[in-house]
Amino acid sequence: MNDERDEGSFDQRLNQARERQGLAEPAATPTGEEVSSAWNLGARIGVELAAALVVGGIIGYALDRWLHTTPIFLLVFFVLGAAAGMLNVWRLISPPSQRPPGK
Amino acid sequence: MATLDPMEQFKLIPVFGNFGEQFHFSQANLMMIVASLLVLGLLRLGMAPKAVVPGRLQALAEISYQGVMSLAVESIGPEGKRFFPFVFTLFFFILFGNVLGLLPFIGYTFTSHIAVTFGLAITVFALATIAAIYIHGLHFFSYFLPEGTPWVLAPLMVVIEIISYLSRPLSLSIRLFANMMAGHVMVDVFAYFVILLGSAGAIGAVAAIFPMGINVVMIGFEFAIAFLQAYIFAALTCVYLHDAVHLH
């Protein structure tokens, strides 16, 4: 069980050595954020908000059609969709340090 | 004079006369086949010399391979190699679709139709979900309950997480479709300004230079956007596959 820690510290030392030698590769950004400008980020946020809202609305509408409860589920899921949109946006713009560990 | 309708370009027109009408074979289908053949041709012809020092075409083919490979491996992890063929196909299909629409005499982009982009996004979504269930089994469903959620909020959070998860294919498809459609409409509108001003006498013809100049710049931007949107689509696919492989 010590192995893992040793491996981690070896990786760390390797990375430090590579940095000293100027060999370290720039940290990769998995979401392609390096290429997206502020304009792109704004457009993405708008799309994320709208998409979650639409999905919530569709689910609510479908449940209402199915259970004949118009408009209760539509209203509930519209709000939940808005919340999901906010969650999407939060995930998009939150800096990595503020994300819960393992994220 | 033909009607000046910027949405006219998105109409599907059957090609090859009677054959196209019988089989509903429109220019969209044709362009998809052309794009696929071009990608295949690029790789096939590019790698044919098998030179140690690559020529131009071979360098292009090698760079595209390495670029997508590093994207897949860096954002998915070592497992990314298994998904590399999918990401590569997706990226180049979209890229060629976007760029083909900017070439003269073609002017039709199949990625400007939400039916196409949503189809692609649903494929990504289905693959990511199936891969997640295949790898993690029923443990996959823990994805919808983030760690550390207070149990009072759990029912609410599960629903919100599910909606957030389901909104992925929609946001993925809307992003690509809206970017491509908006770009083509803008270029068209400015082109109509040129025609309208040009038909309004000598002063109009001089003034028509300005929308013309804007269009020149815009076509340049469109090429950048065509590449960027294909890249974003592939990168987000990798992010979703990363979530599928690692769950969070």
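Just so we're on the same page: letters track the sequence lines, and every chain starts at 1. Both backbone and side-chain heavy atoms feed into the values below; hydrogens, waters and symmetry mates do not. In this text, all values refer to a predicted model and were calculated from it rather than measured experimentally.
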Legend entry - side-chain contact (heavy atoms from CB on, under 4.5 Å) assessment of A/Arg44 paired with B/Leu236: CA-CA 12 Å; A/Arg44 275 188 67 181; B/Leu236 282 172; 3.5 Å; yes
Legend entry - Test log, rule side-chain contact (heavy atoms from CB on, under 4.5 Å), inputs B/Ser167 and A/Asn88: CA-CA 9 Å; B/Ser167 73; A/Asn88 283 348; 3.0 Å; yes
Inset, instruction - Take A/Glu48 and B/Arg168, measure what side-chain contact (heavy atoms from CB on, under 4.5 Å) needs, and give me the verdict at the end. - result: CA-CA 8 Å; A/Glu48 293 286 351; B/Arg168 281 171 169 192; over 6 Å; no
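For A/Ala52, the parts lying near chain B are the backbone and the side chain together; criterion is any non-hydrogen pair under 4.5 Å. For A/Leu80, the parts lying under 4.5 angstrom from a heavy atom of chain B are both the backbone and the side chain.
Dense packing is recorded around CE of B/Met47, with more than 12 heavy atoms of other residues, nucleotides or ligands lying under 6.0 Å away. Counting non-hydrogen atoms of other residues, nucleotides and ligands closer than 6.0 Å to CG of B/Leu138 gives a total of 12 or fewer. For CZ of A/Phe78, the number of neighbouring non-hydrogen atoms (other residues, nucleotides, ligands) closer than 6.0 Å is 12 at most. For B/Met212, the CE atom sits in a loose shell: 12 or fewer heavy atoms of surrounding residues, nucleotides or ligands are nearer than 6.0 Å.
Looking only at heavy-atom pairs under 4.5 Å with chain A, the residue among B/Leu170, B/Leu156, B/Ile163 that has the most is B/Ile163. The candidate with the highest count of non-hydrogen atom pairs below 4.5 Å against chain A, out of B/Ile160, B/Ile174, B/Asn179, is B/Ile160.
Across every non-hydrogen atom of A/Leu87 and B/Glu161, the tightest pair is CD2-OE2, 3.6 Å.
Within the 4.5 Å cutoff, the side chain of A/Ile59 has heavy atoms near those of the B/Leu166 side chain.
A distance of 9.5 Å separates OG in B/Ser171 from CG in A/Leu92, rounded to the nearest 0.5 Å.
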